[in-house]
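One structure below.
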Amino acid sequence: VSTIELLRDGFASALTWGHLLWALAGVTLGTAVGVLPGIGPALTVALLLPITFTLDATSAFIMFGGIYYGAMYGGSTTSILLNTPGETGAIATAIDGHAMARQGRGAPALTTAAIGSFVAGTLATVALTFFAPLLASVALRFGPAEYFALSVLSFTTVSALIGGSLVRGLFSLFLGLALGLVGIDQLTGDARFAFGIPQLLDGIDLLILVIGLFAVGETFYQAWRHGRDAPEPIGLQAFTGMSREDWRRSWRPWLRGAAIGFPLGVLPVGGSVIPTFLSYSVEKRLSRRPEEFGHGAIEGVAGPEAANNAAAAGVLVPLLTLGLPSSATAAVLLAAFEQYGLQPGPLLFASRPDLVWTLIASLYIGNVMLLVLNLPLAPVWARVMLVPRPLLFGGILVLASLGAYSLNSSLLDVGLLFAAGVVGCAMRARDVPLVPAVLGLVLGPLAELQFRRALAISEGDPSVFVTRPLCAALLAISAVALILPAVFKDRRA
Amino acid sequence: MTRTVHAALVWATVCFAWVSGAVAQPVVNELRIIAPAAPGGGWDQTARAMQQALQRAGLVRIAPVENVPGAAGTIGLARFIGAEAGRRDVVLVSGLIMLGGIVTHRAPVTLHDVTPLARLTGEYEVIAVPAASPFRTLRDLLDAFVARPESISWGGGSAGGSDQILAGLVADAVGVPPSRVNYIAFSGGGESMAAILGGQVSVGINGLAEFAPQIEAGALRALAISSGARLPGVDVPTLREQGLAIEFENWRSLAAPPGLAAPDRARLETLIAAMVASPPWRETLARYRWLDRYLAGDAFTRFSAAEESRVRNVLQKFAEGQRGSRTGPEPYPWLVIAGLLVTGALLVRQEVASPGGGAGAPRGPILLLAAAAVLHLLLVERAGFVVAAAVLFWLAARAFDPRHPLRDGLFAAGISVSAYVLFARVLHLSLPAGLLAGWL
């Protein structure tokens, strides 16, 4: 039986009223939890598991798939409007998305995010449909040495985000790397820099640092400047759609975002931070107006949002074909499969084709639903910017605290949140860029861990990094990515 | 926005009411189950399976699950001992991996600090190699391992977990010091499975349930299983029949808070016994393919003590002589700290040379905001989330514009209460209710 026929059967099953209703419930709920900081799709699916237990497996998974995709759409909304990323995949979006919202261009930013998510989500689902087993076997060729090379490649994106001053950018990066040291050393199990505080054993949560630096830091900074200089006027542009210019500047980033996000999602190393920031730096490098980045360049929203959704689809490849969960949500989905006595993995496509193909078909349908749901909402959401600022800032602080507390039910996290807010305020006041710190916290521990794993496996022989072809290729690309811009700059000068 | 959430939640609630139907009068009104791990893992699954079984068997009216993840469950354990002492309506999911975590992370608390209730389930571990591996049998693998221990890389879950413990027991049994086991720790199921399937490590250790589909599909070759006798339907030789006197299982158990009165402990033990015997729990065991390893009372206490000394013994052997090994973390942290200090010093020098704009003593608004944050932190667990959030909102709004105290107050109360109701009541997240516990 060919893939096309299986997919057609899947659509026939997904397009029944019952299944459509579950898909709608899933995408609606997913968008909602994506908007709320701190509560993500993993927790939502876990909370719903006991409720859905008596549903048939297909309906339940259609809803879970909807929640998963929906959360990716919802995460960008607070990121763009309030500078408060609801999910880690929406951090890159905040940089230019929030700048656009402040210029009154919130609606076009939300629109390009929604359409980009749809385009990339659909393309990635097509790739999932036709190439899943092939891609999964390629992903298995990635060992610790390759992951180390990949994190080196990701580090090169920092140079695109470092801002005007090298010293300030590097200080921010090292601050993030230092924060990344906190917690248990995964290879030995020893605690590092935890200062005897048990909650620090698991390290500093990325989301707490991000919400603290961005949302709380922004609020503190506005209070710091309050009365010092006139507040920046925020209005809304009368025209709320995307202009012809916006379309022209968005479509290539959507496609590139999909091309970057999907393969990185397939690799079983969790996280949407790397694909979104890679997409951001690629867009900045390719742009003819790189100076606009950071001040409301629409490419900086279109690319990362597309990459985020494509990566989300990519995560499903190892989950469905190999039974490998590579993100928190995938781990919960795996648990959900087990609840139904199903084992995702090499045999699932053969043993339950009806379920797999209905699920895949409903992912296409869910994407369409999300587009239909989110497009008309964009101008409505954008009006959030008109809420009186005292109420807006009060609401942001309450939501941030709620999100931080609900991550681990720990008061220490709320304290860390405010501490990060103070640091974020000071960094803003001194023009130190925030994003390198976030990348340092994500990439530092990853690079260190994979480097040491690779050396442990090779019994300490460093030649693994050049003798393994994939690894050597990735390192070579990193070198080119670092050197080329410098060469071009010389030529232009 | 809130309307769509609300509609979806109402709908979910209606579905729930419809599927749960009428149940008999429950024995216990509420039993909180703490899973000291993130959603998706074994402890979380155990907690949620218990939740279902207890509610469906009509033993407990409501059994909310709380996740307190981190550090092999020791963060959840420390919190359980501190915050729940003497309470009779809460249990903690724990087990072998927590024993390992206590030793590896040098936790200040142990399982002696809680009231043991019962062992519930167990899972045997499997040693397997990728299908393309040159090792056909356990003997092949162990010959190579004994000849040059470091050349064999063992992939498994986090350091101090059940997979590493078994690797240590095997090494010990063939006379290799566990400190020479080249154990590569991965975080959780997916990552280690990918490394094993892809042949990145020589051999992998994992639970039977995780490995079974890969073995059935022929992607992995199982060399040994850690059960005492061969399991029905699982064609894998035991360690024992291949000459290694090792029996090992990754067991999961339940504990109650410390300082529990004897009648309360007996009540919880009866409840657990009733759950284990109930048809919903039997169905759950079959569905997840868990082994029923129910063991309660003094027998469980003795078992737990024996396991603790075994785990402590093997993990300490791992640590011996591992200081200064080549995979150690040494240079990296100091490079990072040095980089931070150097760039920080350069930054300060630049600032001194040419002070930027915006300098000056902090003024009223930022001070008020700082006070709001501190007050919020003090109030969250004392007065409850709603009060703390309302204070934070009101003071923050006033910091920016003091002209509308009443409007700000109304919004503060409205947003705090609705956030609490949405998260704590509808989504069942644990937020402190505090002073308003009676009303909300």
Side-chain angles (χ1 to χ4, degrees), chain A residues 25 28-29 32 42-43 46 49-51 54 140 143 167 170-171 174 177-178 181 184-189 191 198 201-202 223-224 226 268 323-326 331-332 335 338 341 343 345-347 389-391 393-395 397-398 402 406 409 411 414-415 418 429 448 452-453 456-457 459-460, chain B residues 4-5 8 12 16 19 39-40 45 48 51-52 68 70-71 75 78 104-105 150 153 159-160 182 184-185 190-191 193-194 197-198 200 213 217 287-288 326-327 329 332-333 336 339-340 343-344 346-347 358 365-366 369 373 377 380-381 389 392-393 396-397 399-401 411 415 419 429-430:
Chain A
T28 313
L29 201 59
L43 187 63
L49 271 183
I51 301 178
T54 38
L140 286 182
V167 170
L170 284 180
F171 174 75
F174 275 109
L177 291 175
L181 293 176
I184 288 170
D185 171 16
Q186 270 205 41
L187 277 183
T188 59
L201 284 178
D202 250 17
W224 170 268
H226 192 71
L324 298 182
S326 52
V332 176
E338 282 164 8
Q343 267 295 350
L347 303 177
R389 281 154 51 97
L391 299 181
F393 285 129
L397 287 185
V398 167
L402 182 69
S406 62
S409 314
L411 194 59
V414 185
F418 287 131
E448 187 210 353
R452 286 168 53 202
R453 265 190 200 142
I457 291 173
E459 296 182 72
Chain B
T4 49
V5 185
F16 179 44
V19 298
Q45 281 182 29
R48 290 183 196 279
Q51 174 188 40
Q52 275 179 38
V68 189
I75 293 175
T104 311
H105 309 320
E150 285 83 1
S153 48
N182 192 359
I184 315 290
E191 219 191 350
M193 183 79 84
L197 283 175
Q200 310 293 342
R287 207 167 55 238
Y288 284 104
R326 68 177 163 273
T327 58
Y332 174 73
V336 169
L340 185 65
T343 50
L346 285 174
L347 188 63
I366 186 73
L369 207 53
L377 277 174
V380 168
E381 290 190 338
L392 178 67
F393 188 105
F400 287 95
D401 184 357
F411 271 94
I415 287 189
L429 290 180
S430 64

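In what follows, every chain begins at residue 1, and chains take the letters A, B, ... in the order their sequences are listed.
In terms of heavy-atom proximity, A:Phe171 sits nearest to B:Leu347 at CD2-CD2, 3.8 Å. Here the closest non-hydrogen pair linking A:Ala456 and B:Ile184 is CB-CD1, 3.6 Å. Nearest heavy atom pair, residue A:Leu402 against residue B:Ala419, reads CD2-CB, 4.1 Å. Of all heavy-atom pairs between B:Ala194 and A:Leu140, the closest is O-CD2, 3.5 Å. Counting all heavy atoms, side chain and backbone alike, A:Pro390 lies closest to B:Ala397 at CB-O, 3.4 Å.
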**Item:** A:Leu397 vs B:Leu369, side-chain contact (heavy atoms from CB on, under 4.5 Å): CA-CA, chis, key distance, verdict
**Value:** CA-CA 10 Å; A:Leu397 287 185; B:Leu369 207 53; 3.9 Å; yes
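With a threshold of 4.5 angstrom between heavy atoms, B:Ala373 approaches chain A through its backbone and through its side chain. For B:Thr343, the parts lying near chain A are the backbone and the side chain together; criterion is any non-hydrogen pair under 4.5 Å.
Side chain of A:Arg453 to main chain of B:Ala185: a donor-acceptor pair is present (N/O by atom type, distance under 3.5 Å, no hydrogens or angles).
Within the 4.5 Å cutoff, side-chain heavy atoms of A:Leu181 are placed close to those of B:Tyr332. Two residues are said to be in side-chain contact when any heavy atoms from C-beta on lie closer than 4.5 Å; A:Phe418 and B:Leu377 meet this criterion. For the pair B:Phe400/A:Leu391, no side-chain contact is recorded, criterion being any heavy-atom separation below 4.5 Å from C-beta on.
Across B:Ala159, B:Gly339, B:Ser153, the residue that shares the most heavy-atom pairs under 4.5 angstrom with chain A is B:Gly339. Ranked by heavy-atom pairs under 4.5 Å with chain A, the list B:Leu346, B:Leu392, B:Ile415 is led by B:Leu392. In terms of heavy-atom pairs under 4.5 angstrom with chain A, the leader among B:Ala78, B:Ala217, B:Ala396 is B:Ala217.
B:Asn182 CG to A:Ile457 CD1: the interatomic distance, rounded to the nearest 0.5 Å, is 7.5 Å. Distance check: A:Asp185 CG to B:Thr104 OG1 gives 12.0 Å after rounding to the nearest 0.5 Å.
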